[in-house]
Undergrad: 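Pasting a structure here, questions to come.
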Protein chains: 2
Amino acid sequence: MKSKITITEIADKCGVSVSTVSRVLNNSPSVSPKKRALIQQIIDEYNYTPSVFARGMVNHKTKNIGVILPDITNPYFASLFLQIESFALKNMYATILFNTMFARNPDKYDTPLSEEDYFKIILEKQVDGVLILGGQIDKDDVPENFIHALNQLHKSVPVVIVGSRIDGCECLFVERNSRQGVTSIVNHFIALGHERIGFVGGEPGIRITSSRIEAFKQTMKAYHHDVNDSYIVTSDYYAPDGYSAMNQLLDQNSGKLPTAIIAINDMVALGAIRAMKDRGLDCPSDIAIASCDQFPHSDYSIPRLTSMDLHNEYLGRMAVMQLISAINGSEEAISINHMPELIIRESCGATRR
Amino acid sequence: MKSKITITEIADKCGVSVSTVSRVLNNSPSVSPKKRALIQQIIDEYNYTPSVFARGMVNHKTKNIGVILPDITNPYFASLFLQIESFALKNMYATILFNTMFARNPDKYDTPLSEEDYFKIILEKQVDGVLILGGQIDKDDVPENFIHALNQLHKSVPVVIVGSRIDGCECLFVERNSRQGVTSIVNHFIALGHERIGFVGGEPGIRITSSRIEAFKQTMKAYHHDVNDSYIVTSDYYAPDGYSAMNQLLDQNSGKLPTAIIAINDMVALGAIRAMKDRGLDCPSDIAIASCDQFPHSDYSIPRLTSMDLHNEYLGRMAVMQLISAINGSEEAISINHMPELIIRESCGATRR
DNA sequence: TTGTAGGCGTTATCAG
DNA sequence: CTGATAACGCCTACAA
């Protein structure tokens with residue numbers, strides 16, 4: 001609406017050349033203090049800001065980064081994003097957010113876009129870098145053409161992926177050991193005297209799901225405990241999924257129910273507990289539950305949830321740092337090693353007298 | 001990293017002038033089908049996309065919109081944002097998201113920025129329009145200088161605010177009747193036979209809080225029921241706030257407790273129920289609870305939450321529509337009138353036999 | 001320390 | 001229908 005003032009006009013008003021103004025803008029040292037002060041004053045007075053377009057034309061930078069994630073509604077991604085945005089802003093980058101979930105729920109959100117489509121859009125936006133959280137890269141078997149698209153994207157702009165490294169993908173990765181958490185929970189349950197332990201939630205064919213289930217089985221084996229396959233029911237990552245998974249588990253094990261259940265995250269745990277309740281089963285006295293990934297407010301549910309604090313905020317921070325340093329030309333990988341923490345509350349039954 | 005191909009090179013390869021290429025890019029009709037086809041083919045082959053910078057230089061558009069909200073972690077804003085992004089993308093706009101909550105929690109997120117600072121940043125980003133959800137504009141008394149900043153911003157780019165209209169503010173508003181919901185709940189409670197009704201949550205001095213409490217009082221008065229001031233405890237919008245508010249309410253009314261409580265939203269309701277539980281009180285048998293604003297998964301808590309579905313998604317959609325049409329020059333206000341819906345579940349006690 | 005001038009990739013205007 | 005050419009606002013040699 002209002003046409004912005006330009007560097008030329010500033011220069012005129014100050015009686016200097018545009019280059020001098022440009023110099024104070026990019027605080028180049030070679031400007032006399034006197035002129036610098038004057039120019040700065042005029043700049044402030046007219047509230048002048050250089051055009052991103054003109055700037056971009058010469059240095060090809062937008063100071064924007066693209067963030068692609070499945071669903072900002074999911075607390076996991078939301079808290080990650082919060083950190084990302086905070087840190088990015090501190091470094092003068094703004095974040096353009098893309099929710100690919102539209103691709104998954106075409107009925108609810110009628111934007112039939114694949115993640116690859118997003119790559120294209122994001123590329124056109126001329127962002128300085130891209131952060132990818134979850135989605136296709138989390139699949140056990142990442143489609144060949146998706147990896148190709150990723151590499152393609154990475155050729156034009158640095159791409160940082162939060163997730164486990166993939167063979168053949170040249171992007172940068174920020175990864176974390178996703179198994180420790182499960183192990184802690186199994187240890188805890190076994191220490192509590194449980195032997196029949198189950199697992200609910202998580203989309204099958206997705207890495208976090210697979211690796212957690214595997215870690216679960218391995219740890220159980222280390223204790224020489226059986227892992228009954230019917231005690232493991234996958235579904236997805238939300239409350240309704242925990243509900244259905246738990247119901248299925250209960251259905252197929254009416255004989256000997258597990259005494260403890262590991263849920264893939266807090267929402268699933270909540271759904272599972274609700275399913276139990278609807279069948280007259282109490283948590284934790286009938287079946288104890290603990291979740292592998294803590295979300296906000298797990299301290300206010302009934303019962304309070306025992307879960308792993310994975311320090312997700314920290315992960316988000318690392319990811320932007322990695323991206324920004326890549327934008328600035330550094331290729332060195334940042335390794336992240338943060339210990340997950342078991343937060344014992346009510347649902348695991350450890351606190352019942 | 002990889003330098004992009006330019007319109008000139010495309011023109012060269014096709015043996016035409018840049019203008020012709022530009023024409024097919026902006027599908028101007030006056031291009032011979034033959035040339036158009038050829039050019040398009042080369043464009044596809046080289047995967048050419050025009051530079052946003054060069055484009056911006058001439059038409060001053062980024063096809064980006066800025067969205068400012070307090071906290072994307074809050075389900076209310078998250079679901080709103082989802083719709084906003086979806087609809088924006090459908091219209092070829094990308095969304096730059098800014099969480100001002102950093103401004104509120106300087107200890108947790110050490111970015112000491114005021115909302116005004118965000119205005120400045122967002123302006124420098126040269127977005128085509130700005131959407132503001134919540135924050136300072138929601139205060140009962142919006143600071144004069146904030147309104148000024150808003151108007152200032154609106155002078156350079158269209159600003160749409162989701163919230164109640166403010167005197168002296170020239171921005172566009174998308175507003176909604178926030179009282180209807182409360183009225184429905186009071187009606188429901190009274191129909192259920194309740195007379196001593198309370199209210200918990202919501203930050204004092206914030207419009208939605210004030211208007212809901214006022215609507216609550218008015219409706220009660222219409223039924224000739226007393227509204228005991230000690231039955232109303234404000235705090236904030238999250239679970240911990242519901243918890244503390246409820247505790248306070250319980251403390252100051254040990255004599256005659258209310259039999260029903262209205263919570264400002266689902267998270268607060270959850271916190272309140274948790275507080276009751278910790279004191280051996282059951283919801284709904286001891287005190288019934290209903291919430292004014294439904295969040296996802298309220299169907300999976302214990303007890304299931306009775307709450308108002310405010311159709312927030314719809315609100316988000318309206319907001320972008322308004323913004324986009326403003327960007328395109330239309331100033332006409334879109335009025336929105338969507339009936340909130342009372343979803344009766346367990347916490348209100350209506351379903352107990 | 002300061003100024004001049006060329007170029008960045010498009011679009012729009014104006015001739016042909 | 002097509003092609004020159006002048007902006008657009010800034011940065012960066014290069015010159016002074």
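Here is the naming used below: chain letters follow the sequence lines, and residue numbers restart at 1 for every chain.
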Undergrad: Tell me, do B:N312 and B:R176 make a side-chain contact under 4.5 Å, heavy atoms counted?
TA: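 Yes, at least one pair of side-chain atoms sits under 4.5 Å.
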Undergrad: Does a donor on one side chain sit under 3.5 Å from an acceptor on the other, for B:T49 and B:K4?
TA: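 Yes, side-chain donor-acceptor contact under 3.5 Å.
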Undergrad: For B:S51 versus A:Q126, what's the shortest heavy-atom pair and its separation?
TA: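 Taking B:S51 first and A:Q126 second, the nearest heavy atoms are CA-OE1, 3.5 Å.
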Undergrad: Just the atom pairs and distances: protein N or O near nucleotides 7-9 of chain D's N or O, under 3.5 Å.
TA:
none

Undergrad: Any idea how B:F119 and B:F146 line up, ring-wise: parallel (<30°), tilted (30 to 60°), or perpendicular (>60°)?
TA: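 Rings of B:F119 and B:F146: tilted, 30 to 60°.
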Undergrad: Counting just side-chain N and O atoms, does B:T20 come under 4.0 Å of either OP1 or OP2 of D:dG3?
TA: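 So the side chain of B:T20 is within the cut-off, an N or O lying under 4.0 Å from OP1 or OP2 of D:dG3.
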Undergrad: Could you tell me how far apart A:I10 (CD1) and C:dG3 (P) are, to the nearest whole angstrom?
TA: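 The distance from CD1 of A:I10 to P of C:dG3 comes to 15 Å, rounded to the nearest Å.
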Undergrad: Measuring only between side-chain heavy atoms, which start at C-beta, is A:I166 closer than 4.5 Å to A:K139?
TA: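 A:I166 does not reach A:K139 side chain to side chain.
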Undergrad: Does the side chain of A:T20 come within less than 4.5 Å of A:V31's, by heavy atoms?
TA: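 Contact flag for A:V31/A:T20 side chains = yes.
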Undergrad: Scan residues 22-43 of chain B against DNA chain D and write down, sorted by residue number, each residue with any heavy atom closer than 4.0 Å; if none is found, say none.
TA: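 Listed by number, they are B:R23, B:S30, B:V31, B:S32, B:K35.
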Undergrad: Within the 4.5 Å heavy-atom criterion, are A:F53 and B:T62 side-chain neighbours or not?
TA: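 A side-chain contact exists here, since the closest heavy-atom pair is under 4.5 Å.
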Undergrad: Any non-hydrogen side-chain atom of A:Y118 less than 4.5 Å from a side-chain atom of B:L89?
TA: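 The answer is yes, as the side chains (C-beta and beyond) meet within the 4.5 Å cut-off.
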